[in-house]
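Convention: sequence-line order gives letters A, B, ...; per-chain numbering from 1. As the structure is a computational prediction, the values presented were derived from the model and not from experiment.
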There are 2 protein chains.
Amino acid sequence: MKFPKISEAVVRRLPMYLRFLNELAKSDVQTVSSQDLGRRLDLNPAQIRKDLAYFGEFGKKGIGYDVGYLVEKIRGILKLDQEIRVALVGAGNLGQALCNYNAYLKDNMRISAVFDANPNRIGDRINQLSVQPMEELVRTVREQHVRIGIITVPATEAQRVADQFVEAGVEGIMNFAPAIIKVPSQIRVHYADFTIELQSLAYYLNRGETEEEE
Amino acid sequence: MKFPKISEAVVRRLPMYLRFLNELAKSDVQTVSSQDLGRRLDLNPAQIRKDLAYFGEFGKKGIGYDVGYLVEKIRGILKLDQEIRVALVGAGNLGQALCNYNAYLKDNMRISAVFDANPNRIGDRINQLSVQPMEELVRTVREQHVRIGIITVPATEAQRVADQFVEAGVEGIMNFAPAIIKVPSQIRVHYADFTIELQSLAYYLNRGETEEEE
DNA sequence: TAGATTGTTAATCGATTAACAATC
DNA sequence: TAGATTGTTAATCGATTAACAATC
């Protein structure tokens with residue numbers, strides 16, 4: 001199941017398709033066309049067909065795509081047909097939020113360990129999990145076959161945590177800290193950088209506007 | 001200060017430049033070249049020069065860019081030279097995390113009001129702010145001249161909250177809920193969709209790998 | 001059969017990169 | 001002056017969209 005060189009843009013659309021398809025499945029919709037998908041997701045139908053066609057012929061001409069079948073296929077492509085273990089470092093507000101989201105991530109991703117550098121937090125229970133000290137990270141991650149590491153620590157600590165994850169052998173890192181981290185090239189890093197999102201949003205505000213109707 | 005049609009990609013790089021420039025300024029670095037920036041941010045220097053040139057001639061040939069001057073310019077472009085008020089709806093884990101981040105967003109964005117639909121949370125204090133009931137959203141947002149709304153509620157409630165923000169006159173919305181929201185076209189929506197980021201990360205994992213050295 | 005919709009090729013559009021004259 | 005680096009034009013690359021034959 002090897003695929004050609006797929007662009008990042010394509011890969012990032014797959015989870016969007018999946019989410020909508022899951023909604024459709026829940027509503028017992030059997031079939032969906034690229035036009036339906038496009039209307040809902042604000043995408044060009046041709047783009048959707050092209051995206052899917054990179055991975056196989058999932059549709060039927062004249063009919064569209066079988067919802068259940070397409071869900072299975074996309075899950076397979078994204079490797080969500082197996083459980084993927086995740087570890088999180090930084091049990092602060094954001095880290096706790098993500099742990100509790102666990103339900104949300106249910107789509108076969110599971111946070112299976114939480115770590116923190118603050119001794120006061122060690123042993124705290126977050127959504128079934130007990131917060132562990134940093135010293136146990138490498139061993140635990142290896143033992144549990146954790147494949148993705150989530151970083152929710154201050155920017156100054158991000159690189160250090162990333163190094164530990166790398167040492168422990170994770171394959172991907174999701175970094176919420178506002179910092180660029182350096183890792184070996186075979187390890188994939190995705191950023192969730194809230195500040196950048198918010199600052200770029202500011203660009204689109206209307207200039208000035210401090211004067212108001214009183 | 002009106003600019004030509006700038007692509008989203010360019011706008012999203014500006015905050016990255018800003019962040020690194022701020023670091024340089026703190027280290028008392030006077031001057032930076034597009035090559036320095038590119039090395040650090042993993043971008044092509046030509047791209048950086050081109051990005052900046054959309055907005056003016058900020059550099060000196062043979063020298064580079066003055067760090068302090070460029071910081072001021074980018075802040076102006078992003079409209080961060082004025083305080084931008086932000087309101088947040090959903091005082092759950094994630095909402096609280098973002099409120100406490102307030103320090104981080106200090107770059108002239110300030111969360112000035114927090115709302116929640118849960119009666120038990122009304123009046124709770126989060127980082128100086130008292131959680132208000134949804135009924136007060138429209139009035140408060142108008143009074144405080146809030147320009148950006150942050151949504152951190154469950155997906156099922158996201159559209160309802162967005163509608164309220166729109167009614168109250170915000171100019172931009174930052175949506176953390178895993179749901180697409182519909183708003184009038186003059187209102188800008190940015191998504192911070194953690195699930196999509198994580199699922200697309202899974203794509204890049206190595207297939208299979210459940211068998212391990214034991 | 002007529003209508004709908006896919007998969008795919010070709011056309012278009014836009015973004016990134018290279019190259020270089022201008023100049024500090 | 002020689003070396004460095006910008007701003008900008010031209011070349012390249014890649015992604016999106018249009019179009020349409022195949023076919024359910």
Side-chain angles (χ1 to χ4, degrees), chain A residues 3-17 20-21 24 29-74 76-77 196 200 203-204, chain B residues 3-17 20-21 24 29-74 76-77 196 200 203-204:
Chain A
F3 304 118
K5 64 283 110 18
I6 307 293
S7 88
E8 288 194 30
V10 173
V11 174
R12 288 175 48 81
R13 281 192 293 268
L14 295 177
M16 303 193 216
Y17 301 156
F20 180 43
L21 289 166
L24 290 177
V29 176
Q30 297 295 316
T31 292
V32 70
S33 69
S34 60
Q35 197 161 127
D36 297 334
L37 275 158
R39 202 177 306 115
R40 170 60 168 261
L41 300 173
D42 240 320
L43 297 173
N44 185 304
Q47 181 170 65
I48 293 172
R49 293 200 298 278
K50 201 158 201 287
D51 284 354
L52 297 175
Y54 282 116
F55 304 98
E57 305 201 358
F58 303 142
K60 287 215 191 349
K61 295 181 183 171
I63 308 289
Y65 300 89
D66 180 87
V67 172
Y69 181 71
L70 193 51
V71 163
E72 279 322 299
K73 283 303 180 182
I74 295 179
I77 296 163
I196 290 198
S200 63
Y203 173 83
Y204 296 96
Chain B
F3 304 117
K5 63 289 109 13
I6 306 292
S7 88
E8 288 193 31
V10 173
V11 173
R12 289 176 47 81
R13 281 191 294 267
L14 294 177
M16 302 191 215
Y17 301 156
F20 179 44
L21 290 166
L24 290 177
V29 176
Q30 298 294 315
T31 291
V32 70
S33 69
S34 59
Q35 197 161 128
D36 297 334
L37 275 158
R39 203 175 308 114
R40 169 60 169 260
L41 298 172
D42 239 320
L43 296 173
N44 184 304
Q47 182 172 64
I48 293 172
R49 293 200 298 278
K50 200 158 202 284
D51 284 354
L52 297 174
Y54 282 117
F55 304 99
E57 305 201 358
F58 303 142
K60 288 213 192 347
K61 293 179 185 176
I63 308 291
Y65 301 89
D66 180 87
V67 173
Y69 180 71
L70 193 51
V71 163
E72 279 322 300
K73 284 302 181 183
I74 295 180
I77 294 163
I196 290 196
S200 63
Y203 173 83
Y204 297 96

Exercise for the section: Examine dA4(D): is either OP1 or OP2 under 4.0 Å from a nitrogen or oxygen in the side chain of Y65(B)? Give yes or no. Expected result: no
Completion exercise
Against the side chain of A46(A), the closest entry in dA15(C), dT9(C), dA19(D) is dA19(D)
Exercise for the section: Supply the atom-to-atom distance D51(B) CG to L37(B) CG, rounded to the nearest 0.5 angstrom. Expected result: 10.5 Å
Handout entry: K60(A) or G62(B), whichever maps to the more 5' nucleotide of DNA chain D
Key = G62(B)
Exercise for the section: Measure the distance from NZ on K61(B) to P on dA2(D) and round it to the nearest whole Å. Expected result: 20 Å
Exercise for the section: Mind calculating the distance between CD (E57(B)) and C1' (dC24(C)) to the nearest angstrom? Expected result: 13 Å
Fill in the blank from the handout: The nucleotide from dT23(C), dC20(D), dT8(D) with an atom nearest the side chain of R49(A) is dC20(D)
Exercise for the section: Name the closest nucleotide to the N44(B) side chain, picking from dT8(C), dT17(D), dT17(C). Expected result: dT17(C)
Problem - Interatomic distance, L70(A) CG vs dG7(C) C1' [rounded to whole Å] - result: 14 Å
Practice task
Starting at atom OH of Y54(A), determine the distance to atom C1' of dT16(D), rounded to an integer number of angstrom.
Solution key: 9 Å
Handout entry: Angle of first-five versus last-five pair axes in the helix from dG3(C)-dC24(D) to dC24(C)-dG3(D), to 10 degrees
Key = 10°
Practice task
Specify the separation, in whole Å, of atom CG of D42(A) and atom P of dT17(D).
Solution key: 11 Å
Exercise for the section: Enter the distance from I6(A):CD1 to Y204(B):OH here, rounded to the nearest 0.5 Å. Expected result: 9.0 Å
Fill in the blank from the handout: Within residues 30-37 of chain A, those residues having any heavy atom closer than 4.0 Å to DNA chain C are S33(A), S34(A)
Exercise for the section: Please round to the nearest 0.5 Å and tell me the distance separating atom CZ of F58(B) and atom CZ of R49(B). Expected result: 15.0 Å
Problem - Separation of atom CG in D51(B) from atom P in dG14(C), rounded to whole Å - result: 17 Å
Handout entry: Whole-Å gap separating P (dT5(D)) and CD1 (I48(B))
Key = 13 Å
Practice task
With heavy atoms under 4.0 Å as the rule, sort Q47(B) into base, sugar-phosphate or nothing.
Solution key: base
Handout entry: Separation of dT8(D) P from F58(B) CZ (nearest whole Å)
Key = 11 Å
Practice task
Calculate, to the nearest 0.5 Å, the distance between atoms CG and CZ belonging to L41(A) and R13(A) respectively.
Solution key: 10.5 Å
Handout entry: Separation of L70(A) CG from E72(A) CD (nearest 0.5 Å)
Key = 10.0 Å
Practice task
For dA15(D), take OP1 and OP2 only and decide whether either is under 4.0 Å from a side-chain N or O of R13(A).
Solution key: no
